[in-house]
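Right, one structure below, let's go through it.
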Amino acid sequence: MNKTRRILTLKENHLFMRSYRKGRCFSGRYVALYVLRNYEKNQTKLGITVSKSRGNAVKRNRVKRVIREAYRVFHPFIKEGFIIVIVAKQPCVDAPVSVVTSELEALLEKAALL
RNA sequence: CGACCGUUUCGAACAAUCGCGCGGUAUCAUAGCGAAAGCUCAUACCGUGAGGAAAGUCCGAGCUCCACAGAGCAGGAUAACAGAUAACAUCUGCCGAAGGCGACUUUAGGGCCAGUGCAACAGAAAGAUACCGCCUGCUUUUGCAGGUAAGGAUGGAAAGGCGAGGUAAGAGCUCACCGGUGUGUCGGAGACGGCACAGCCAUGUAAACCCUAUCCGGAGCAACACCGCGGCGGGGGCAUAUGCUUGCUCGGCAGCCCCUAUGGAGGUGGCAAAGAGGUCUGCGGCGACGCAGAUCCAAGAUAGAUGAUUGUUCACGACAGAACUCGGCUUACAGGAACGCGUCGCAUU
RNA sequence: AGGGAUGUAGCCAAGCGGUUAAGGCACCAGACUUUGACUCUGGCACCUCGCUGGUUCGAUUCCAGCCAUCCCUG
């Protein structure tokens, strides 16, 4: 495993749907985590979901950046072969990065991905 | 000094580290494709990276494809006048109207003398009329017949308004002023305005149907063009080895290879540095704008790139994210800045 | 990108430019009953009829611009 590797993003809608239905769910105050084992390839993919009801385009973009920044810290240590979907909750809109980072760390440990 | 008016303009700044999209250069040790060159991926460095509204998608265009002899109807849009513009429902100027002490602002502003419809309630009566009243005549009175829109009452609207003359009482019946209509004349590019004369037979509503004039083919970058593993087809060849079709034979269907049409997933172009482009100067124009010269310009994603941490400063940060591209309009918005022989008020000289 | 619909009382809703804006459910008070349900009678302040302007004598209704929700096409 190299020291830095690219973050692969989840693009297919049916994989999102399968994660919501079949994946294990870990919920916090700011984000919710859906984890599914990737059987097809030994890769870890990340999907970020922000609902339209969370705010306008600027707010949604900002939430995505905050979550991506929080995830970036843990990415080199994540185990291979999982599909991870992070869903932003309403308090996440005004949350600073440090808070989201600490919560995401707790959830990832709970999911045994680290 | 205070309160405004108009026209522009800015929309946090800087540094360091980590991270992201795109472009360029370099490296190919590793991974994939390839005979190779090389390409992809990756890494390093350099450059660059959201708005005044990017928004709403309300108008107008470019661009692309489809349709198209010509004419008319239907439907839609616009509506004083003159211009600007590629075009417009935009903009400029100007006229009329409305508002403001004023600088100035606002204005869907054609036609109810083509026709049709509607005007609740109130009121005597709503486009045709006399309830009360006034006057005249008849009648002993009650009342009857006629004249009359000055007054009352109703209403958003009641015989153009108001004053004087006039009259039986009244009435544009007559006159002055105002309003409105028509004709003439003068000014103006025109809408329109000034003046003179005639004359007052008739409400409001076309953001009611409608009439008049002008304009309008349809769809949209998920357009459209190209490539295209597989699949479903067409043609040709090979092989009769294998499978199915009844145990066998023939025949048929599968099979393998080549060519070819279509085009689902996906990809590339469209589409990224350059156009109806910005800034400055000069000239023309009241102005929108036009002409000439100089100069400036690098976002281009495709589940969608701008963030985090630390430090410094201030006005302590609002509304808000490009998605083919322009010109407008509308809406949202913390707080600033500049200009004006702009306005009003107060004080002083 | 292109198109459509809706917004009226807590909920479901009707409404021809002229009303104090129908109804139904719910809610409140009273009657009936020993009590409750059913039934009957009355009430319901609320709604600037999503918001802001305009047309009109008069707007929930007509026109324009916004806001919110929902739906359709590719």
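Scope of the values below: all heavy atoms of this structure, side chains included, with no hydrogens, waters or symmetry mates. Numbered from 1 within each chain, the chains take letters A, B, ... in sequence-line order.
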Watson-Crick/G-U partner (both atom distances under 3.5 Å) of B:rU203: B:rA119
Nearest-Å distance once atom P is located in both B:rA273 and B:rG49: 13 Å
Could you check if the base of B:rA299 is syn or anti? Syn means the glycosidic torsion is within 90 degrees of 0. anti
Taking a pair to mean Watson-Crick or G-U wobble geometry with both distances below 3.5 Å, B:rU348 pairs with none
Rounded to whole angstrom, note down the C1' distance from B:rA153 over to B:rA207. 36 Å
In the strands shown, is B:rG127 matched to any nucleotide by a Watson-Crick or G-U wobble pair with both distances under 3.5 Å, and which? none
Whole angstrom is fine here: how far is it from CZ in A:R60 over to P in B:rA320? 12 Å
Does any nucleotide pair with B:rU148 by Watson-Crick or G-U wobble geometry, both distances under 3.5 Å, and what is it? B:rG133
Separation between the C1' atoms of B:rA80 and B:rG75, rounded to whole Å: 27 Å
Would you please test A:I67 and A:Y30 for side-chain contact (heavy atoms from CB on, under 4.5 Å) and show each step? CA-CA 10 Å; A:I67 291 176; A:Y30 298 97; over 6 Å; no
Between B:rG32 and B:rA272 - P atom distance, rounded Å: 34 Å
With syn defined as a glycosidic angle within 90° of 0 and anti as the rest, where does B:rC216 land? anti
Quick one: does any side-chain atom of A:N61 pair with a main-chain N or O of A:K64 as donor and acceptor, under 3.5 Å? no
Minimum heavy-atom distance A:F16-A:T49, with the two atoms named: CE2-OG1, 3.5 Å
Look for any protein N or O under 3.5 Å of an N or O in nucleotides 302-310 of chain B and output each such pair with its distance, or none.
from	atom 1	to	atom 2	distance (Å)
B:rU306	OP2	A:R65	NE	3.0
B:rU306	OP2	A:R65	NH2	3.4
B:rG307	O3'	A:R62	NH1	3.4
B:rA308	OP1	A:R62	NH1	2.9
B:rA308	OP1	A:R62	NH2	3.1

Pairing partner (Watson-Crick or G-U wobble, both distances under 3.5 angstrom) of B:rC244: B:rG252
Could you tell me how far apart A:K59 (NZ) and B:rA320 (C1') are, to the nearest whole angstrom? 9 Å
Distance between C1' atoms of B:rC271 and B:rG109 (Å, rounded): 47 Å
Quick one: list whatever passes salt bridge (Lys or Arg N to Asp or Glu O under 4.0 Å) with A:R72, sequence neighbours left out. A:E69
Please report, to 0.1 Å, the donor-acceptor pairs under 3.5 Å made by any side chain of residues 82-98 of chain A, with sequence neighbours excluded.
from	atom 1	to	atom 2	distance (Å)
A:K89	NZ	A:S27	OG	2.6
A:K89	NZ	A:G28	O	3.0

Separation of the C1' atoms in C:rU8 and C:rU35, to the nearest angstrom: 41 Å
For nucleotides B:rU343 and B:rC101, find the distance between their C1' atoms and express it as a whole number of Å. 10 Å
Pairing partner of C:rG17, by Watson-Crick or G-U wobble and under 3.5 Å for both distances, is none
Drop me the distance from A:L33's CG to A:K110's NZ, to the nearest 0.5 angstrom. 10.0 Å
What's the spacing between A:I78 CD1 and A:Y71 OH if we round to 0.5 Å? 4.5 Å
With a 3.5 angstrom cut-off on both distances, give the Watson-Crick or G-U wobble partner of C:rC27, or none if there isn't one. C:rG43
Expected label for B:rG52 (glycosidic angle, syn inside 90° of 0, else anti) would be syn
Is there a Watson-Crick or G-U wobble partner for B:rA213 with both distances under 3.5 Å, and which nucleotide is it? B:rU78
Using atom C1' in both nucleotides, what's the gap between B:rG335 and B:rA305 to the nearest angstrom? 30 Å
Please classify B:rG111 as syn or anti, treating any glycosidic angle within 90° of 0 as syn. anti
Looking at A:V100 and A:A70, what are the two nearest heavy atoms and their distance? CG1-CB, 4.1 Å
